[in-house]
Engineer: 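I'd like to ask some things about the structure below.
Predicted model, so just to flag it, every value in this text is computed and none were measured. Starting from 1, each residue takes its place in the sequence as its number.
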Amino acid sequence: MRNRFGQSGTGQPGFTLVEVVIGMAVALLILGGVWTGYWMSVQRAQWSAGALAAHTLALQRLEQVRSARWEPRTIPETDEITPTNFPDQVEPMNLSSRPEHLLMATTTTLIRWVSTNPPLKLSQVECRWPYRNRLVYTSTMATYRAPDQ
């Protein structure tokens with residue numbers, strides 16, 4: 001007896017065990033690749049959210065420095081842009097409403113004189129934050145400031 005493909009045989013049509021195993025292996029490889037891609041994108045999204053929150057904290061502190069008064073030509077002279085006015089702050093990054101996911105960031109403000117004539121200061125803010133309790137990243141922002149700006 002010959003089948004429609006011209007082969008002789010009496011077995012039922014279907015897949016062999018080897019074909020089924022190879023098909024399942026290919027399907028598992030594809031699913032593993034999809035899962036790995038999904039997991040990597042979730043981790044990257046979490047890191048991006050942390051970086052954005054740290055950037056926002058650094059920008060907030062930099063705006064505080066920029067809004068401080070510095071008027072060297074007045075009597076008495078006013079200079080609120082000193083390191084003692086901007087101590088280190090440890091504050092939450094507000095990434096999640098769940099307390100077990102709370103991340104704390106440390107914001108440090110560095111103020112340096114660049115020039116005394118004309119007066120010019122460099123204000124640099126660093127926000128250090130942990131990612132997945134392993135690595136510590138730093139978001140840094142800096143600006144120059146002259147009196148009465």
Engineer: Could you note down all residue pairs passing ring-ring contact (aromatic ring centres under 6.0 Å, His included) where residues 104-124 supplies at least one of them, sequence neighbours left out?
Structural biologist: Trp70-Trp113

Engineer: Show the atom names and distances, to 0.1 Å, of all donor-acceptor pairs under 3.5 Å that link a side chain in residues 43-59 to residues at least two apart or in another chain.
Structural biologist:
residue	atom	partner	partner atom	Å
Gln46	OE1	Arg132	NH1	3.4
Ser48	OG	Arg44	O	3.0
Thr56	OG1	Leu52	O	2.8

Engineer: In Å, rounded to the nearest 0.5 Å, how long is the span from CE of Met104 to CD of Gln89?
Structural biologist: 10.5 Å

Engineer: Taking Gln124 for the side chain and Leu110 for the main chain, is one N or O donor matched with an acceptor at less than 3.5 Å?
Structural biologist: no

Engineer: Applying salt bridge (Lys or Arg N to Asp or Glu O under 4.0 Å), which residue pairs with at least one partner in residues 102-129 are found, sequence neighbours left out?
Structural biologist: Asp79-Lys121, Glu126-Arg128

Engineer: Which atoms form the tightest heavy-atom contact between Asp88 and Thr108, and what is the distance?
Structural biologist: OD1-CG2, 3.3 Å

Engineer: Nearest 0.5 Å, what's the CD-OG1 distance between Gln64 and Thr107?
Structural biologist: 9.0 Å

Engineer: Leu103 versus Pro130: any side-chain heavy-atom pair under 4.5 Å?
Structural biologist: yes

Engineer: Specify the closest pair of heavy atoms between Arg61 and Phe86, including all atoms of both residues, with the distance to one decimal.
Structural biologist: NH1-CB, 3.3 Å

Engineer: Can Thr138 and Thr140 be counted as having a side-chain donor-acceptor contact under 3.5 angstrom?
Structural biologist: no

Engineer: Can you tell me how far apart CD1 (Ile81) and CZ (Arg66) are? Round to the nearest 0.5 Å.
Structural biologist: 10.5 Å

Engineer: List the residues meeting ring-ring contact (aromatic ring centres under 6.0 Å, His included) with Phe15, not counting sequence neighbours, and say none if there are none.
Structural biologist: none

Engineer: Looking at every heavy atom in both Ser123 and Ile111, which two are closest together, and how far apart are they?
Structural biologist: OG-CG1, 4.4 Å

Engineer: Ignoring hydrogens and angles, tell me if any N or O in the side chain of Arg145 forms a donor-acceptor pair with the backbone of Ala68 under 3.5 Å.
Structural biologist: yes

Engineer: On a heavy-atom basis, which atom in Leu120 and which in Ala146 lie closest, and how many Å separate them?
Structural biologist: CD1-N, 4.1 Å

Engineer: Do Thr82 and Asn85 have side-chain heavy atoms sitting under 4.5 Å apart?
Structural biologist: yes

Engineer: How are the rings of Trp129 and Tyr131 set relative to one another: parallel (under 30°), tilted (30 to 60°) or perpendicular (over 60°)?
Structural biologist: perpendicular

Engineer: Using links of under 4.5 Å between side-chain heavy atoms of ILVMFWY residues, direct or through other members, which residues join Val21 in one cluster?
Structural biologist: Leu17

Engineer: When you measure from the side chain of Thr116 to the backbone N and O of Pro119, does any donor-acceptor pair fall under 3.5 Å?
Structural biologist: no

Engineer: Could you see if Leu135 belongs to whatever hydrophobic cluster contains Met93? Use Ile, Leu, Val, Met, Phe, Trp, Tyr and a side-chain cutoff under 4.5 Å.
Structural biologist: yes

Engineer: Considering only residues two or more places apart or on different chains, which pairs with a residue in residues 28-42 satisfy salt bridge (Lys or Arg N to Asp or Glu O under 4.0 Å)?
Structural biologist: none

